[in-house]
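Labels below follow one simple rule: chain letters A, B, ... track the order of the sequence lines, proteins then strands, and each chain is numbered from 1. All of these numbers come straight from a predicted model, not from anything done at the bench. Because only heavy atoms are used, hydrogens play no part in the values below, and waters and symmetry mates are left out as well, while side chains stay in.
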Amino acid sequence: MKPSRPNEDCFRFLFLLREATASAAPRRRLPPWPPRRRRLRRRAQALHLPPPPQLRPRPPRPRRRRLPPLHALLVKLGLQPYERVHNALIQAYGAAGLVADARRVFDGMSRRDTVSFNSMIHGYATSGDVASAREVFERVPAPTPVTWTSMVAGLCRAGDVALARRFFEEMPGRDVVSWNAMISGLVGNHQPVEALDLFRRMLAEGFVPNRGTVLGALSACVGAGGLETGKWIHAFVEKKKLFRWWDEILGTALLDMYAKCGAVELALDVFTKLRSRDTHTWNAMINGLAMNGYSTKALDMFRQMELDGTVVPDEVTFLGVLLACSHGGFVDVGREYFYMIEKKYGIGLVIEHYACMVDLLARSGHLQEAHKIITEMPMKPDRVIWRALLSGCRLHRDVKMAETAVSEMEAACSGDHVLLSNLYAAVGRWSGVEDVRRTMRSKGIEKIPGCSSIEINGSIHEFMSGDKSHPSYSEIHAKLVEIGSRMQLQGYVTETAEVFHDVEEEEKEQALGHHSEKLAIAFGLIGGTPNVAIRIVKNLRFCADCHNFAKLVSQIYHREIVVRDRVRFHHFVEGTCSCNDFW
DNA sequence: CTCGAAAACC
C-alpha cells in the first residue's frame, strides 16, 4: 500500500496543525522552521485560514485543549486521500488529550499506513489507556520497531513495567529509541538499577547511545546514586565524542547528576565549563547547592543568575532559593524572597512555594506563622504542606500542632504517622504511641520499606530494611556487631525515641541493627575502597539513631559518608554532619 | 507524519 504523496495543501495543513498544537506539547522542542515553510505560513494566511494561536514562551499546560475545527478543514481542502494528514491530526488530537477524536479520525480513514496505527497507539499510551492501545496493536498488519516502542513506552507510563519489559524482550529489530524508551521507563518506575543494567546490555550489544540514551542513563544514576557510573558515562561520552558539546539539556542533566550524587564540586565544574546555560541549568545548580547544604553558595548563585542577565528566573528557581534559605535557617531572607516572587519577579506562587515557605518557617520554630500561611494560602493545602509543618513540630516538640497537621492530612502515609509517634515517644507520651499504632493498623496504612543503595566498584547494591538476602549478609552482620562494640567503647547509646520507621518491624526486632542505611554503611566499610567516601542513597528520611550511627562511623573509621535522604544530603566527616543535626 | 529525551515542595 503506497502512501499518497502529499501536495502543497497538505504541507499547509500540517503547518497549521503544528502551530495549533505546539502549545499542547511544549516539552518537545520544535526545530526552527525552514524558510520555505515560513513562506507557506504567509500563504496560509492569505487563504483566510484560521490564524495560528500565538506561541507563548512558557505556555501553561492544559490537559485538554480545544483544537480548531481542523478536521472539517481537512475535508474542505480535499485532503482525505493523504494518510499523512490524517496521521498528523490523530497525533494532534492525541497530544491534546482528545483520544476519542483521534480515534474518530483513525476509524474514518479509508486506508491506514503503519504510521496511522503507531500514532493511534501513541495516543492511547499518552492517556494511559493500555487496553485500547493493545487492541490497536493487535490489528497492526506489519508492526515496526516504532510500533513496539510505542507500546513499551505506553506501558511504562501506565506503570506496568513488567509487561513493558515483556514487549521489549519480544520485539524484533530493536533500535536505539526502543532501548531509550525501556531505560527511561525503568527510571520512571523507580528501577534505576535495572535501567543501568539495561544500559550496559545495550552497549554490550553494540548500540551507539544518543542524547536520549545518555539522558536516560544519567537520570538512572541520579535515582540510584551511582556517582561512579555517572562519571563513567561522562568519560565515555567525551572519549567517544558522542556529541559536539554538552548543550544546555545534556549539560543540565550531567550537572544535576553530579549534584544529586553529592559531588557538588564536579557539578560546579560542569556548570562553569558549559558554553551555554538556560534557566533549567541555573535551577539545577542552585537546587544542587541547596540540597547539599551549601545554602550561602546557593543564594550567591541566584544573585549571579540575576547579574548574568541572559536567563530569567522561574518558579523552580525560587523553590531552590527557598530550599537554600530553609536548610541554612535564613528565615528573614527567605521571607523576603517569598514576598518578592510575585511582587518583584511577577511569578505566580504555586503550592510548592508555600510548601517551601512552611518548611522554612516550621523548621526554624515559627510554627504559628507557618500555620497562618497554611490557613491563608489561596489553594487547598496538600499532604506535603502539612507534612512540612509536621516535621517542624517534631523538631520543636509541639505535640498539639503535630496532631492538627496529621488530622488535616488526607491519607497520611506511614511516614507521617511514624513522625507523630516519634514525637509522642520523644516527649514520653506512650499512650500516644499506642494510639498511632492502632490507627495505622485499623486504617491498613501501607508501610513504605526503607531502602538504601550503595555503589561499590561501579555496581549498585540495594538494601531493604531488615533485609537478609544480600549474598554478603553474614559479613555485614559481623561488621555491624564490630561497629556496635567499638561504638560502645565510645559511649554510644541507642536513641530509642525514634526507633521506628516501621511499626511492625520494630516489634519484631528490638535492635535497630537493620535499618537499610546501616546495612549499606556496613557494606561500604567492607567492600568500598579505603579513603573513598561511602555514598548512599535512601528513600526515606534519616532516623535520629541512624544519623548518630553515621556520625560515629565517620569518626571511628575516618571515612567520609555521604547520604542522600528523601530531600537533602548529609555529608558526614569526622563525627559531624553538614546538616548540623537539623533536618 | 509515528517511538525516547534536562530543573521542581516533605
From C-beta outward on [X], which listed nucleotide comes closest to its side chain: [options]?
X	options	result
A/D359	B/dC10, B/dA6, B/dG4	B/dC10
A/S150	B/dA6, B/dC3, B/dA7	B/dC3
A/L319	B/dC9, B/dA7, B/dC1	B/dC9
A/E248	B/dT2, B/dC9, B/dA6	B/dA6
A/S119	B/dA6, B/dT2, B/dA8	B/dT2
A/N180	B/dG4, B/dA6, B/dC9	B/dG4
A/K260	B/dA8, B/dC1, B/dA6	B/dA8
A/H280	B/dT2, B/dC10, B/dA6	B/dA6
A/A153	B/dC9, B/dC3, B/dA5	B/dC3

Between [atom2] of [N] and [atom1] of [X], the distance in whole Å:
X	N	atom1	atom2	result
A/F318	B/dA8	CZ	P	17 Å
A/F168	B/dG4	CZ	P	14 Å
A/L322	B/dC9	CG	C1'	10 Å
A/Y93	B/dT2	OH	C1'	18 Å
A/I347	B/dA7	CD1	C1'	14 Å
A/D314	B/dA6	CG	C1'	13 Å
A/H327	B/dC10	NE2	P	6 Å
A/I183	B/dA6	CD1	P	13 Å

Quick one: is [X] getting a side-chain N or O under 4.0 Å of the [N] phosphate, OP1 or OP2?
X	N	answer
A/N283	B/dA8	no
A/R174	B/dC3	no
A/R84	B/dC1	yes
A/H122	B/dC3	yes
A/S184	B/dA5	yes

Classify the nucleic acid contact of [X] as base, sugar-phosphate or nothing, counting any heavy atom under 4.0 Å across all strands shown.
X	result
A/R277	nothing
A/A181	sugar-phosphate
A/D175	base
A/A88	nothing
A/I385	nothing
A/N210	base

Pair A/E369 + A/R335, salt bridge at N-O below 4.0 Å: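 Looking at A/E369 and A/R335, the cut-off is met.
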Short N-O contact, A/D416 and A/R387, less than 4.0 angstrom: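 Judged by the 4.0 Å cut-off on N to carboxylate O distance, A/D416 and A/R387 do form a salt bridge.
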Do [X] and [Y] have side-chain atoms, one donor and one acceptor, less than 3.5 Å apart?
X	Y	answer
A/T147	A/T144	yes
A/N87	A/D113	yes
A/S326	A/D359	yes

Residue among A/R541, A/R564, A/K538 satisfying salt bridge (Lys or Arg N to Asp or Glu O under 4.0 Å) with A/E517: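 Exactly one pass, corresponding to A/K538.
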For the student: nearest non-hydrogen atoms of A/H353 and A/F338, plus distance: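 Where A/H353 meets A/F338 most closely, the heavy atoms are O-CE1, 3.8 Å.
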